[in-house]
Amino acid sequence: MPKQKPALGRGLNALLGTDGQLRSEEDARALVGGIFELHVSVIKPNPFQPRQEFHTEALESLAQSIEQLGVIQPITVRATKGNEFELISGERRLKAAKLAGLEEIPAYIRPAKNAQMLEMALVENVQREELNPIEVALGYQRLVDEYNLTQEDVALRVGKKRSTITNFLRLLHLPPRIQVGLREGAITPGHARALLSLPDDRTKNRLFVEIQQDHLSVREVEQRTRILSKQPKKTKKTTADPAVYITQTESKLRKTLGTKVRVKNTIKGSGRIVIHYYSQEDLSRLIELLARSD
């Protein structure tokens, strides 16, 4: 017959010292595979926890439920070399249990290496949809960076398609302002993926503001990104050489008025026209010509 797992809390006192800690690593190995009531003081937080935000209202609500019904699903821990326990998954339940005033919490004890710690914490949170998109992306990135895994390896470990892993990792290329928006739920991952197609951060940030102000749907954002991506880069308007333009104007006026004309232009675009005359009669002639032009 297969060996029966210890019942909840049964036999634990025989392996723990008076301080509530394990007396030896052998005792720790003896606990693996069982569910026991552990004192919350001997459970260390998971250093590989991908979740970074815990909403106070949600924790308080869970704490009230725990006060009434207890912790229905045990947390998962591993026994460490320091004769303590390290949380693998269930940090939200542990926090709520402490908030509810519980001194002990049911815990499933299993062996786990560091890479497995991150994987299990990540998988549990992703399956429960408790992580925001940036937390998920950072968790995947840690698996890639710290354990030299390919995106295909990550996909196999967390039970997702490779394209899903790629799409989450791409979110980390968004400007910080937009990543904060994703964390806070200001936009959806669909909006964020549409923004990724834009050529520069300035355009991404501008459209990010428009999404919130105009309550744009993902499809509307995709339409705008297609338009913005196709727009040619702004180039300086090509205008004629100012010196050439002034010379041509002077020549035209000289032919019309029959006298020397100077056009003086300023940097701001304003200026003056100087018409030369050589006698009183010449002045009268010019005045008559200019009057005709009215």
Side-chain angles (χ1 to χ4, degrees), residues 45-63 89-96 99 118-147 149 151 154-155 157-234:
N46 182 356
F48 304 99
Q49 169 63 263
R51 189 174 187 184
Q52 299 173 1
E53 298 178 2
F54 294 87
H55 298 293
T56 302
E57 292 182 4
L59 281 176
E60 290 176 348
S61 177
L62 181 57
S89 62
E91 184 166 358
R92 184 168 169 268
R93 274 164 282 158
L94 179 60
K95 286 180 178 291
L99 194 61
L118 176 56
E119 289 173 31
M120 286 186 287
L122 183 62
V123 171
E124 186 207 34
N125 282 289
V126 169
Q127 289 175 342
R128 290 172 175 271
E129 298 182 350
E130 292 180 347
L131 300 182
N132 65 58
I134 295 300
E135 287 175 332
V136 174
L138 289 171
Y140 291 155
Q141 191 64 56
R142 285 187 65 182
L143 288 173
V144 171
D145 293 341
E146 296 178 25
Y147 305 108
L149 300 180
Q151 291 185 21
V154 175
R157 278 169 165 74
V158 300
K160 301 288 183 180
K161 294 181 179 179
R162 180 180 176 179
S163 59
T164 300
I165 307 301
T166 300
N167 285 333
F168 271 106
L169 292 177
R170 290 177 66 221
L171 297 177
L172 300 178
H173 297 293
L174 288 167
R177 181 183 184 184
I178 300 177
Q179 290 192 35
V180 171
L182 262 176
R183 284 180 180 274
E184 297 176 349
I187 61 172
T188 68
H191 289 110
R193 285 192 291 272
L195 292 174
L196 282 165
S197 64
L198 292 172
D200 57 81
D201 286 356
R202 183 177 180 181
T203 308
K204 291 184 180 78
N205 283 321
R206 187 172 70 246
L207 187 50
F208 168 66
V209 173
E210 293 176 5
I211 291 171
Q212 298 170 86
Q213 291 179 342
D214 302 336
H215 305 289
L216 300 178
S217 67
V218 173
R219 180 170 294 183
E220 288 172 327
V221 175
E222 290 172 345
Q223 291 172 345
R224 294 197 184 189
T225 56
R226 281 194 290 269
I227 294 171
L228 291 170
S229 298
K230 291 179 181 178
Q231 285 183 349
K233 293 182 180 180
K234 292 183 178 180

Please enumerate all residues that pass side chain to side chain contact (heavy atoms under 4.5 Å, CB included) together with [X], with sequence neighbours excluded.
X	result
V209	R177, Q213
A192	L171, L174, L182, I187
P175	I178, D201, K204, N205

(request) Considering non-hydrogen atoms only, spot the tightest contact between S197 and S229 and give its length. (result)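 So the minimum-distance heavy-atom pair works out to O-OG, 3.5 Å.
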(request) Check F168 against P133 and note the closest heavy-atom contact, atom names and distance. (result)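 That would be CD2-O, 3.7 Å.
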(request) Can you tell me which residue pairs pass the side-chain hydrogen bond (donor to acceptor under 3.5 Å, both in side chains) test with a partner in residues 163-172, sequence neighbours excluded? (result) Q151-T166
Show the atom names and distances, to 0.1 Å, of all donor-acceptor pairs under 3.5 Å that link a side chain in residues 216-223 to residues at least two apart or in another chain.
from : atom 1 : to   : atom 2 : distance (Å)
S217 : OG     : E220 : N      : 3.2
S217 : OG     : E220 : OE1    : 3.4
E220 : OE1    : S217 : N      : 2.8

Let me confirm one number: the [atom1]-[atom2] distance from [X] to [Y], rounded to the nearest 0.5 Å.
X	Y	atom1	atom2	result
L59	S61	CG	OG	9.5 Å
L169	Y140	CG	OH	8.5 Å
E135	L138	CD	CG	8.0 Å

(message) If the condition is side chain to side chain donor-acceptor pair (under 3.5 Å), which residues does Q179 pass it with, not counting sequence neighbours?
(response)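 Listed in chain order: nothing, the list is empty.
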(message) Just to verify, what does E210 make a salt bridge (Lys or Arg N to Asp or Glu O under 4.0 Å) with, not counting sequence neighbours?
(response) R224
(request) Flag the pair R206 / L228 as yes when at least one side-chain heavy-atom distance between them is below 4.5 Å, and no otherwise. (result) yes
(request) Sort and list the pairs that fulfil ring pair (Phe, Tyr, Trp, His ring centres under 6.0 Å) and have at least one residue in residues 173-210, not counting sequence neighbours. (result) none
